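The structure appears right after this line, and notes come after that.
A note on names: the letters A, B, ... follow the listed sequences, proteins ahead of strands, and every chain is numbered from 1. Hydrogens, waters and symmetry mates play no part in the numbers below; they use all other heavy atoms, side chains included. Just so we're clear, the structure is a prediction, and the values are computed from it rather than from any experiment.
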There are 2 protein chains.
Amino acid sequence: MIAELIVENGVVLKGDGTPPFKASIVVDEGKIVEVGDAKGFTADEKLDATRCLAVPGFVNTHTHLSMTLFRGYADDLELGTWLRDHIWPVEAKLTSQSVRAGALLGVFEMIRSGTCAFADMYFFMDEVAEVVKKAGLRASLSYGMIELGDEERGKSELKKGKDFVRNYNGYADGRIKAMYGPHAPNTCSIDFLMKVRELADKDGVGIHIHLLETEEERKQLGENGLKKLEGFLKDDVLAAHCVWLSDSDIELLVQKGVKVSHNPVSNMKLASGIAKVHEMLEKGVCVSIGTDGCASNNNLDMFGTMKCTALLQKIRLMSPTSTTAKEVFSMATLNGAKSLGIHSGIIEKGWNADFICLDLTSERMLPLHNAVSNIVYSATPYDVVSCVVDGKVLMRDRKVLTLDKSEVIDEVEKAVEKLF
Amino acid sequence: MIAELIVENGVVLKGDGTPPFKASIVVDEGKIVEVGDAKGFTADEKLDATRCLAVPGFVNTHTHLSMTLFRGYADDLELGTWLRDHIWPVEAKLTSQSVRAGALLGVFEMIRSGTCAFADMYFFMDEVAEVVKKAGLRASLSYGMIELGDEERGKSELKKGKDFVRNYNGYADGRIKAMYGPHAPNTCSIDFLMKVRELADKDGVGIHIHLLETEEERKQLGENGLKKLEGFLKDDVLAAHCVWLSDSDIELLVQKGVKVSHNPVSNMKLASGIAKVHEMLEKGVCVSIGTDGCASNNNLDMFGTMKCTALLQKIRLMSPTSTTAKEVFSMATLNGAKSLGIHSGIIEKGWNADFICLDLTSERMLPLHNAVSNIVYSATPYDVVSCVVDGKVLMRDRKVLTLDKSEVIDEVEKAVEKLF
């Protein structure tokens, strides 16, 4: 059979608990058609994975991609000062050019660090969609709607959200899914959220929202406040942060099938609090991992965010056995894919061909006692050698093929000059 | 004047709070002789730093270098199980070959990730010293003495410690300092520690020790227990961890001038607890940063450890303004150098030529709103392009010049096969 791509001479970590084994991966029409012996297959394109480990690509389930432009701009500040005096004034000056520039830098960083898919919520999302199309990544994109209980504003925001969903859901050969992105329950009224729910049901798309990130928000919502959102919460909701959940909130999330995106680095940097990841996983919530935007991380590195996920639960519970490398790796791959409703996260026949190859000769991957442990606790972005999404090679030998780095740098420099 | 090395076309971050500026760095006889205009200087060797940022190299003040061999071997376990069933049985099988192999992998990783100097405590330290000499790094090395209140064992351990100090202090053109390394107050009696103190005073070398890493150790020592060590504690003591300090303990450390090595990743991974870094810095303790060994980190990445240092204090105190990027960067450079008694940590005339160059075109260094913030919160090991120690270029264009990577891999594979 003639396939599109054969990845050969490598070791495969399927991501389903199977130990790594020598195998070829054969890809056709964006799907994996064989993991094992490639005899009987030929392909136009080959990817040599000698001394490499193929693993499912990461899924970053919460970010604001274009905030790469804010990297290092305002750190070590109180949340209010940070937002009011630094972030919001610059955000008010964002244009389609600057959002495009930030998104270019973001997708470049993602491909180089092994992220194959992500969920984004921001402004000028048509620009982000075009950049994702060009880069070749998979993404769930939403326009961030802020209503503040203002009916007129609500109407206009809803229109923008709706337009984006209807223009871009299924865009870029289906690699882009659109979502509705109501910002948070403390910036959007319950009436507004219910209108969003209605539209999402009608359009058959999911909803991306910030939920209970801060103690302030918890207080505003009141005890058992999540009950108020009962009609809004369904299994198509991707809720970022979920730091301040009560036990009954967790029960409600389980019951509704809500997906949670855990953002440990951001939660630590802004001192928001520590999410009960251990308890959520135990009760069966699908918890994935997000970096959040570069203003509060300050990069899009899923390796560092995985490591922080494990470390933070261990220290919170004073238990080194909590939240293992294996659990964290699944959160960053399979759970992420489930949260975006995509058939990725396992290297197996019939699944999306979304995977990366890691350098087994990297000083951080040696020795190879335990591949998953090395990935979660030791590896860094540079250890990613190649990146395949939807069967297309986006990076080969650490060189991004779909983007021109000097163009990325030029665009970023132009945008920064205008904004700051 | 003819100098040994000129680093040209780059931007310099001196490390003393001065903003980055364009400058050349002229180096002779291991020292910086000019930072600014290189007119009037010629040199045999040049290092092109175009689009690079020269910054002081990192000082990793607590590790067990050869434990790179244990990377990923035993994770997510209770401390007791981890030590008794996994670490100690393999450590008992260590030989000079395996320690050499682990040290080779360790120094390779350090050079590649921007560490110029480190403090190590382990076994077969003559092997480690030879590896450090070959690699070209600066190090404070100590043989780890465990006495367990056994007089005979104490004598033999002390002899080994003394032999190492007397053979290796000042070795490798003075780049290696020897220290005494009594393991910890819960594995060494106070009598033993006082004998160590006497020897250290006599030999004019420092003491490297683990101190109050766990709550268990705190309980064993009793309240105000550090008072018992009053005669032992001096300003030449480098105390690793210091997680379980009372307020009066901190006062005592200030009074005695004891140097503290903070190991946030290890403390989180083993769920040891969170050190009061913010309070120690506020009261004037010289706190530096260590990775600890690769069994409890699992790498030697000072970037990740810096980031964790800031994040962990912020979340502990629920204050995003605590422990800033600037403070953390100083901990990882100048404070580290002070703790090892070396004149490094600032790029300035008369100081040791120990610095690294970072890639300003890296996706994680863009945009450059704040260099220190990008280094602490965003950069990763790969962003280090070159590394200079004692005026010698150890890495150029990301290629380590003093070590052969295939030899490192071969030695590691041989050692792992024998040990595990």
Roughly how far apart are [X] [atom1] and [Y] [atom2], rounded to 0.5 Å?
X	Y	atom1	atom2	answer
Met268(A)	Gln313(B)	CE	CD	9.5 Å
Ser266(B)	Leu311(A)	OG	CG	10.0 Å
Lys269(B)	Lys307(A)	NZ	NZ	8.0 Å

With a 4.5 angstrom heavy-atom cut-off, which part of [X] approaches chain B: side chain, backbone, both or neither?
X	value
Ala310(A)	neither
Leu300(A)	neither
Glu215(A)	neither
Cys294(A)	neither
Thr81(A)	neither
Val265(A)	both
Thr380(A)	side chain
Asp383(A)	neither
Ser272(A)	backbone

Tell me the closest heavy-atom pair linking [X] and [Y], and the distance in Å.
X	Y	value
Leu69(B)	Pro367(A)	O-CG, 3.3 Å
Leu366(B)	Leu105(A)	O-CD2, 3.6 Å
Ala271(A)	Ser319(B)	CB-N, 3.5 Å
Ile315(A)	Ile274(B)	CG1-CG1, 3.6 Å
Cys308(B)	Cys308(A)	SG-SG, 4.2 Å
Arg71(A)	His369(B)	O-CD2, 3.2 Å

Chain A contact via [X] - side chain, backbone, both or neither, heavy atoms under 4.5 Å:
X	answer
Ser113(B)	neither
Val376(B)	neither
Ser362(B)	backbone

Between [options], which has the largest tally of heavy atom pairs under 4.5 Å with chain A?
options	value
Thr323(B), Leu79(B), Asn297(B), Thr68(B)	Asn297(B)
Val412(B), Leu270(B), Asn267(B)	Leu270(B)
Tyr73(B), Tyr382(B), Phe420(B), Phe108(B)	Tyr382(B)
Ser322(B), Gly304(B), Ser378(B)	Ser378(B)

Is there a side-chain contact between [X] and [Y] in this structure, where contact means two heavy atoms from C-beta onward sitting under 4.5 Å apart?
X	Y	answer
Asp75(A)	Tyr377(B)	yes
Pro320(B)	Glu78(A)	yes
Lys405(A)	Glu363(B)	yes

*Would Ile409(B) and Arg51(A) count as a side-chain contact (heavy atoms from CB on, under 4.5 Å) if you check the C-alpha gap in whole Å, the side-chain angles of each, and the deciding distance to 0.1 Å?*
CA-CA 12 Å; Ile409(B) 296 177; Arg51(A) 301 211 79 169; 4.2 Å; yes
*State plainly whether the residues Glu109(A) and Arg364(B) are in salt-bridge range, i.e. N to O under 4.0 Å.*
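Looking at Glu109(A) and Arg364(B), the cut-off is not met.
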*Considering only NZ, NE, NH1 and NH2 on the basic side and carboxylate oxygens on the acidic side, decide whether Asp76(B) and Lys314(A) come within less than 4.0 Å.*
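Judged by the 4.0 Å cut-off on N to carboxylate O distance, Asp76(B) and Lys314(A) do form a salt bridge.
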When heavy-atom pairs shorter than 4.5 Å are enumerated against chain B, which of [options] gives the highest number?
options	result
Asn370(A), Leu77(A), Asn298(A)	Asn298(A)
Ala74(A), Ala371(A), Gly273(A)	Gly273(A)
Val416(A), Asn374(A), Leu368(A), Val408(A)	Asn374(A)

*Crowded around Lys399(B) NZ? As in, over 12 foreign heavy atoms under 6.0 Å?*
no
